[in-house]
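The structure appears below as C-alpha cells.
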Amino acid sequence: MNDPTYQFSHTITRRPAASAVNGLRAEDTGTPDLDQLMADHDAYVAALRATGAEVIVLPALEAYPDAHFVEDTALCLSGGAVVMRPGAPTRLGEAAEMAPELARHYSDLRRIEGPGFIEGGDILVTGREILVGRSARTDGAGVAELAGIVSDWGYALREVFTPEGVLHFKTDCSLLDPETVLVTPRLAASGCFEGYAQVFTAEGEEAAANAIRFNDVVLMAKGFPRTAETLDRKGYSVVEINNSECAKLDGGMSCLSLRFNPAL
Ligand code: CIR
C-alpha cells in the first residue's frame with residue numbers, strides 16, 4: 001500500500017522569478033546568482049520527475065520574490081488541502097496565488113482565515129501525527145486554527161517549538177519514513193521527537209536537515225558529506241542537489257515543493 005507520508009504521485013513547484021534575488025533572508029551572505037538558482041531549480045524538478053511523479057511547474061511571480069518557496073503557502077493531506085496564512089507580510093499574497101492550483105486537485109480546500117499566521121515550513125506530517133512548530137512566522141492562533149481543520153480529516157496535531165533563530169521547524173528536521181526523522185541535535189534536544197527513530201545531522205552540517213523523502217529517494221542539499229554518508233549507510237537512496245543560492249535566502253529542499261496525492 002502507498003504510504004502517504006512519503007509516496008507521492010504529484011508535486012507542485014514554481015519557477016523562480018528574476019526578483020528572487022531580493023528574497024527575504026535573516027542575514028546577508030551575498031546576492032544569489034540567478035542563473036545558478038535557475039539551474040538548481042531545474043535539477044530539483046528533474047530529480048522529482050525521475051521518481052515517476054507528475055511535477056507541476058507554475059509560472060514565476062515577479063511580484064513575490066519568495067514565491068518559489070511554495071511549501072509555505074499550503075498543507076496537502078489525504079483528506080484535503082489548507083491554504084496557509086504566511087507570517088511574513090511580503091509573502092501573504094502568495095497563498096492566494098496557490099489556491100486555484102490546489103482547487104484543481106482537491107475538492108475539500110480550506111483556508112486559514114486568521115487572525116493567526118502559519119507557514120507550511122513549520123509543519124511536519126509523520127506517520128502518526130502533524131507536528132507544527134511555533135516560530136517567528138507561525139503563532140499559536142495559526143496553529144489552533146489549523147488544528148480545528150485537520151481534526152475534521154482525522155489527524156492529530158501537536159504544537160512544538162522551533163529553536164530561537166531558526167526560520168522554520170523543518171529548517172531543522174525532515175521525515176525519512178513514517179517513524180524516522182532526520183534532525184539537528186539542537187532541535188532534538190527539545191525532546192519533540194521522543195518515541196521516533198532519529199538520525200542526526202553531523203556537527204557543522206545542520207543545514208542538511210532540510211531534506212525531503214520523496215518516493216524512493218531522499219533529496220538533500222549538496223555539501224554535507226558526513227550526513228549524506230550516514231543516510232547512505234542506513235539504506236536511503238540519497239540524491240544531492242546544489243543549494244548554494246537558495247541557502248542565501250534561507251531556503252532548502254522542502255521549501256521548493258508541495259508534495260501530495262490528489263484527493264478529488
Ligand atoms: C523566507 O524567508 O520566507 C524565504 N526566503 C525562505 C523560505 C523557506 N521556506 C521553507 O523553509 N519552507
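We count ligands from 1, going down the list as the structure has it; atoms in each ligand are counted the same way. Any value given below was found using the heavy atoms of this structure, including those in side chains, with hydrogens, waters and symmetry copies removed.
Proximity of Leu175 to Val125: side-chain heavy atoms (C-beta onward) are nowhere separated by under 4.5 Å.
Residue contacts with ligand 1: Glu71 is placed with a nitrogen or oxygen under 3.5 Å of a nitrogen or oxygen of the ligand (distance criterion only). Residue contacts with ligand 1: Asp250 is placed with no nitrogen or oxygen under 3.5 Å of a nitrogen or oxygen of the ligand (distance criterion only). Any N or O atom pair closer than 3.5 Å counts here, and Leu249 shares at least one such pair with ligand 1. Residue Asp66 has at least one N or O atom closer than 3.5 Å to an N or O atom of ligand 1. The N/O atoms of Leu24, backbone and side chain alike, include one that comes under 3.5 Å of an N/O atom in ligand 1. Where the criterion is an N or O separation shorter than 3.5 Å, residue side chain and backbone included, Arg137 meets it with respect to ligand 1. The shortest N or O to N or O distance between His168 and ligand 1 is below 3.5 Å.
A side-chain N or O of Asp122 and one of Ser135 form a donor-acceptor pair less than 3.5 Å apart. Thr180 and Asp177 share a side-chain donor-acceptor pair at under 3.5 Å. Counting only N and O atoms by type, the side chains of Ser257 and Arg259 include a donor and acceptor under 3.5 Å apart.
With a 6.0 Å cutoff to the six-membered ring centre and a 45° limit on the axis angle, Arg134 does not count as a cation-pi contact of Phe169.
Proximity of Lys170 to ligand 1 is not established, as no heavy-atom distance is less than 4.0 Å. Heavy atoms of Arg91 come nearer than 4.0 angstrom to ligand 1 in at least one pair.
Screening residues 19-67 for ring-ring contact (aromatic ring centres under 6.0 Å, His included), with sequence neighbours left out, gives no hits.
Of all protein heavy atoms, the one closest to atom 9 (N) of ligand 1 is Asp72 OD2, 2.8 Å. With respect to atom 10 (C) of ligand 1, the closest heavy atom belonging to the protein is Cys255 SG, 2.8 Å.
Checked by atom type and distance alone, the side chain of Glu240 never pairs as donor or acceptor with a backbone atom of Leu219 at under 3.5 Å.
Every atom of ligand 1 with a heavy atom of Gly121 under 4.0 Å away is listed here by number and element: 12 (N).
By the ring pair (Phe, Tyr, Trp, His ring centres under 6.0 Å) test, Phe8 is found to be paired with Phe214, residues two or more places apart in sequence or in another chain being considered.
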